[in-house]
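Let me begin by presenting the structure, written as structure tokens, before commenting on it.
Note that the coordinates shown come from a computational prediction; the quantities given were computed from them, not determined experimentally.
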Amino acid sequence: MTTVTGQLPAAQDPREPIDLLMRDLRCGAGGLPAREAARRLVVYGPNELTRRGGRRWWRELVRQLVHPLAALLWLAAALALVAGTTALAVAIGVVVIVNAVFAFVQEQQAERAVEALAAYLPQRATVLRDGVRTAIPAADLVPGDVLMIEEGERICADARLIEGGVEVDLSTLNGESLPAYRSAAETDRGGPLLEARDLVFSGTSCTGGEATALVYGTGMRTELGRIAALTQRVGRDESPLEAQVKRVAWLIALVAVTAGLAFLPLGTFAAHLSTAAAFTFAIGLLVANVPEGLLPTITLALGMGVRELARGGAVVKRLSAVETLGSTTVICTDKTGTLTMNRMRVTAVWTRPQRIELEPGHPAPLAVTLRLATAAARCTNAGLEPETGDPTEIALLHAAADLGVPVDAAARRRGRRRQFHFDPALRRMSTVDEIDGEAWLHAKGAPEELVPLCSRIAGATGDHDLTGADRAAVGAAVAELAAHGLRLLAVAVRRLPPGPPPERREDAERDLTLLGLIAMFDPPRPEVAAAVERCHTAGIRLMVVTGDHGLTAAEIARRVGIGTAETPIVTGAELDAMPEAQLDRLLTDHRELIFARSSPEAKLRIADALRAQGHVVAMTGDGVNDAPALRRADIGVAMGIAGTDVAREAATMILTDDNFATVVTAVQAGRRVYDNVRKFILYIFAHATPEVVPFLVFALSGGAVPLPLTVLQILAIDLGTETLPALALGREPAEPGLMERPPRTRGQGVIQGRMLVRAWAVLGGVSALLVLAAFFATLLAGGWHLGDPTGPGTPLHHVWREATTMTFLGIVACQIGTAFAARTQTAPLRAVGLFTNRLLLWGVLFEVAFAAALVTVPALRGLFDTAVPGWDRLALLLPMPFVVWGADELWRARLRRRDRRPGR
């Protein structure tokens, strides 16, 4: 044989004649010499899936630390240091670091898809080396090796069959549920590579037979490697919430920094403040504008959403994905196991004299029906105790058992003389079985393939020639059953002449006697129809993207409420030939579509096209072939039971029950979480006005009015009293009508003009008026007049401390009213109930206790410059929550009336 010097030439087409392929690979049927294999291993590299261009972990961690909102928290920490509160600065820094590390760990989970693909390569492989059968590590396989394939093994390289035939489970690559027969005797020169009948592929499994194959592709040069490379090239975009939080953070930073810089000279020159007072004012203004608790509150709220979804059967791997679910506009769902129960069953058996619906109480089967059930049970390789084998054949055995036919697998194997494997091109299989000393051929397959091979048909009184009327009756039965989306198999038999069974299937599968038809169905999950209706009510588009047959997928879709009889069915071949402009028109013109026989590239293309139109896409999948599309979609949803490790690693969310209804429940939870994020952002923003306005009063009065609030008191509010109520708002139950409104668009901001008006003008404005009223009432009652000094050592210093305490406590009291007002966006509070959020009640109790501790505990009172006001002053605080909530209730009632007007 010829050895290699230098770089090996690559085979142009593995389907070329085997002698040419061996010439290109410079090998022979006896395998490679060990020394030659070692040289090729150096040239081609190990038979492993590798990652290219991985991201550096430290760069990703730094990116989390300089996130705009994190930068604002660093600013808050710096300001705390300037203010002399080192412990507070350290606490803020710890919050930033913990959040950054947590987000970094979450993102790393999504980078493991390629490593999971490696699990599909076995540890060992059996090859011919130097003409001797040898077991080697799978990583040492090289092009030109002769690979030995046996039943039960996972194939570890792309190879061309040289001898023998095997049944191969290709579901990890093409999504097909039925095993495919691959034989060295079959040759295909054209068509898709995965459909070539003499090729086997890395990562697939041999379910029956044995063969010898010539390896032509290893590692990243295999079909599995192609999917791995495709998965690596697919990036993961930031979620809508991540983008919005960044924009909000920059907006807050701009407002805070601009305000501080603008009012520093204003306080010095216009208000005639001293440099120290102006500097204090600028720091206070910056701190008042920075929502220190926003980032940890968002993170913790999303974390609570993740835990709730996990309890409901959906494991979310990225926190931001919870919010993305809520903005989903299109769900591209698989069929088998997601919309259906993934449990095929026979629903009807048709023979010329009798049709039986396999339901309780069905009529007694005629002899011809029992013959059909017996033949179907014989022409299988599955077993029932325990259930093993192809789901379709398991369904046939269950049906035969229901009709009283023996289905013992051991007896079947003892009588088996020959098997002609299922051929996806011929769409049929047959077996030769010995029964009572006679050889019988039992065949099953697609009616359009098997019926033309039949010359006779079984009737009530015996077999007779297949007439035109009989063929018309068979055709009518096929049309009627197929119209219901049932999968049909025809079953036929032939008594063979004495002697050895035929060697060729063409000689065996002829002059058959048609026994009848078997109709099978994988029923939809009972809860899916209601989930689909919820999607329609919520304005979410549904599309079925599956590797299964189009008619089957369309009927299942219609049964659960997706599409109609006019819904287009687009095959993978049609999609491949479709220009981008035509695909865009198709997605625009039809709200719901069925994509059948979809390849990995097709699923990826569908996701890209939908995203280009501004949709937020959720896509389900379970196989290796689904990994690139799962990674590209805004939300990749993998099956936890039937899904592969690769799909689970590439996905953002994993369904522990493989149920479409869980996806819809997760969308509802995502909407609720997003609403709750907006609620606590509103709650936090509402406090900016009563915190900023006192500093403006101080500056605009030129210092004649003392500071109504200190910087440390602001920090106590932002990081102390408001944190637990804000977190409680993250657990708020869903508002009525949550799944009756359309999904928001991708570009819709988490902060809108209506929210800012409500936060700063309504809630914040009323709160600012109330707390300033309490401040001035306390000062005036203590004998203060405009311009009187209130610094340390002055007679009015204690009065000033009482007045600032009243401002602090007034903001806390207004926070309580704001928290209850923020529980709904437009609905009245009674719609959700006053006491339905117990965590909020505990949060209010905590902030009252925390504020009381800052006022009454001597050490804290000295640190925060507070004093205990008199009871008459404290009484002023009691109506404040009700006034704030009442004002907002009136505002929301006005919005409801406006939104109910015609045309809105």
Using modelled atom types only, decide if a donor and an acceptor are shared between the side chain of [X] and the backbone of [Y] within a distance under 3.5 Å.
X    : Y    : value
D465 : T467 : no
N47  : A138 : yes
R160 : P14  : yes
D158 : S202 : yes

Using distance only, find each side-chain donor-acceptor pair of residues 363-375 under 3.5 Å and give its atom names and separation, not counting sequence neighbours.
from, atom 1, to, atom 2, distance (Å)
T369, OG1, Q354, OE1, 2.7
R371, NH1, D463, OD1, 2.9
T374, OG1, L370, O, 2.8

I'd like to know whether [atom1] of [X] has more than 12 heavy-atom contacts from other residues, nucleotides or ligands below 6.0 angstrom.
X    : atom1 : answer
E506 : CD    : yes
E163 : CD    : no
E210 : CD    : no

Do R133 and M148 have side chains that approach each other closer than 4.5 Å (heavy atoms only, starting at C-beta)?
yes
State, with a plain yes or no, whether a side-chain heavy atom of L25 is found less than 4.5 Å away from one of Y216.
yes
salt_bridge(E357, R355) N-O dist < 4.0 Å
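Salt bridge: yes.
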Could E503 and R418 be called an ion pair, given the rule that one side-chain N must be under 4.0 Å from one carboxylate O?
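Yes, charged N to carboxylate O under 4.0 Å.
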Measure the spacing between CG of N381 and CG of L397 and express it to the nearest 0.5 Å.
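Reported value, rounded in 0.5 Å steps: 10.0 Å.
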Quick one: do R129 and D145 satisfy salt bridge (charged side-chain N to carboxylate O under 4.0 Å, His left out)? Show the steps, please.
CA-CA 8 Å; R129 290 273 174 91; D145 265 325; 2.8 Å; yes
Stacked cation flag R504 on F420, 6.0 angstrom / 45 deg
no
Which residues share a salt bridge (Lys or Arg N to Asp or Glu O under 4.0 Å) with E527, sequence neighbours left out:
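Partners of E527 under the salt bridge (Lys or Arg N to Asp or Glu O under 4.0 Å) test: none.
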Is there a donor in the side chain of E393 and an acceptor in the side chain of H398, or the other way round, less than 3.5 Å apart?
no
Side-chain donor-acceptor distances from residues 430-437 under 3.5 Å, at least two apart:
from, atom 1, to, atom 2, distance (Å)
S430, OG, E509, OE2, 2.6
T431, OG1, D433, OD2, 2.8
D433, OD1, R416, NE, 3.1
D433, OD2, H442, ND1, 2.8
E434, OE1, R417, NE, 3.0
E434, OE1, R417, NH2, 2.9

